[in-house]
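Working notes for the structure below.
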Protein chains: 2
Amino acid sequence: MCPVPKLVDHEARRRDVAHAVWRVVRREGLDGASVRAVAVEAGLSTGSMRHYFDGQADLQRTAMEELTARVGARLAGLDPSGRPPEVARRIVAELLPLDDERQAEAEAWFAFVARARTDEAFRELANRSYEGLRALVRQIVALAQGVDLEMTPDAEPPEVDEVEVERLFALLDGLVLHAVQRPGLVPAETLLAVVDRHLKGLIDGG
Amino acid sequence: MCPVPKLVDHEARRRDVAHAVWRVVRREGLDGASVRAVAVEAGLSTGSMRHYFDGQADLQRTAMEELTARVGARLAGLDPSGRPPEVARRIVAELLPLDDERQAEAEAWFAFVARARTDEAFRELANRSYEGLRALVRQIVALAQGVDLEMTPDAEPPEVDEVEVERLFALLDGLVLHAVQRPGLVPAETLLAVVDRHLKGLIDGG
DNA sequence: TCTGTTCTAGCACGGTCGTGCGAGAAAGTG
DNA sequence: CACTTTCTCGCACGACCGTGCTAGAACAGA
């Protein structure tokens, strides 16, 4: 009856393998993310991965959850100080694939979202992210129109024009989609120019 | 040496099977569009389909081409008369999934586009459609800003602000993406309200 | 009728997949 | 050292897939 020796950090291992899933998904699509392919990418054997994942569903779901957690952590780490319109611009810029790392995340993310349409296992997480992003965009619209979120309670969503929320939300998703669809052909300056133009109209109009 | 008897219309048959592909893709995703599944959906046997398609690649590519042809035909059939801003609004409304038929088309379309990112066989057609839509959106922006396209030669694209083109293009793709992502939860009125708001800003600002 | 062509149906092969399993290596404790 | 637990590896099974193939049905002309 020995005290349990912990040889490897399971959580860290699961995270590493999740990153391997992202790379495979980006390169070959979610269909190509077979257990064998991910094992090769992660430098493991298929049998070895079974000690950390219950199966392919657990593997892919974990990779998707890790992705949302990563994006969420980056958003939570943003500097909330400054005039409201400047904060709004900062958050928007964080949502765009302005560098390679976020481009890779966006490409993998859309693969998961695409599958969520026909696979229940991914749907709930996709819907939660969708609602979370919509709430964030609602705050961005409020910020752009000069509302200071520090003054309003977190529980209550700010009162804003829902048409403008959907307009900005769709614009952002469309920009990311275009960057994903044509990697390297949508420069960062274009993305920023478009959102700056949009935010300008939002500020002037509100 | 008989005169060749033509028992079935090959083109019509290929079209019917392509529609069966759409239904399977909508229901189970592009991964689920196996030759066997499409054969069942179309009421044929796998061996019988080989008389009309060279293989799975031909099958899926044909389904995607048929989809672009269908959308293109609908756009070509639009009434081009009226004041430019009204024509612009008419074209935009045609691009949105306002009824079940176009919703189904949009869902299948995004499945093909998603695969095009990692599968060369679909990439060329996806890129062509992307460029075609971008050119169309450029014309819409010109129309919204009062330019009468009848006065400008077809060969030369209208001179418009490319930032506005990308902004409207991304907005439209984002709206369609949201409708695809959450079927039934994005009502037609919302889609129209958003594009009307956007076109209004485009007209006033230009 | 007979003949040649088109079309249909389904089987069989080779390949990939997810997954369960067991043997052996590695590491920590007595 | 022995002993237990953790970890790694690769094989094997059954399922599904794309595809080639063959035998027969359906049909148009002679």
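What's counted below: heavy atoms across the whole structure, side chains too, no hydrogens, waters or symmetry copies. So that the names make sense, note that chain A is the first sequence line, chain B the second, and so on, each numbered from 1.
Going from atom NE2 of B/His51 over to atom C1' of C/dT6 covers 7 Å, rounded to whole Å. Put simply, OH on B/Tyr52 is 18 Å from P on D/dT19, counting in whole angstrom units. Summarising the geometry, the separation between NE2 on B/His10 and P on C/dT6 is reported as 8 Å, rounded to the nearest angstrom. Rounded to whole Å, atom C1' of C/dT19 lies 5 Å from atom CZ of A/Arg50. The distance from atom CZ of B/Arg36 to atom C1' of C/dG15 is 12 Å, rounded to the nearest whole Å. Distance B/Arg13 CZ to C/dT8 C1': 9 Å, rounded to the nearest Å. The distance between atom CZ of A/Phe53 and atom C1' of D/dT8, rounded to the nearest whole Å, is 16 Å. At whole-Å resolution of the value, CE in A/Met49 and P in C/dG18 are 9 Å apart.
Checking A/Thr46 against A/Arg36 by side-chain atom types alone, no donor-acceptor pair falls below 3.5 Å.
Heavy atoms of A/Ser34 sit under 4.0 angstrom from primed sugar atoms or phosphate atoms, though from no base atom. Base contact: A/Gly47 has a heavy atom under 4.0 Å from a base atom.
In this structure a side-chain-to-backbone donor-acceptor pair under 3.5 Å is present from B/Trp22 to B/Ala63. Listed for the B/Arg90 side chain is a donor-acceptor partner under 3.5 Å among the backbone atoms of B/Asp79.
Comparing D/dT19, D/dC9, C/dT8 against the side chain of B/Val35 picks out D/dT19 as the nearest.
In this structure, B/Ala42 and B/Val17 approach most closely via the heavy-atom pair CB-CG2, 4.4 Å.
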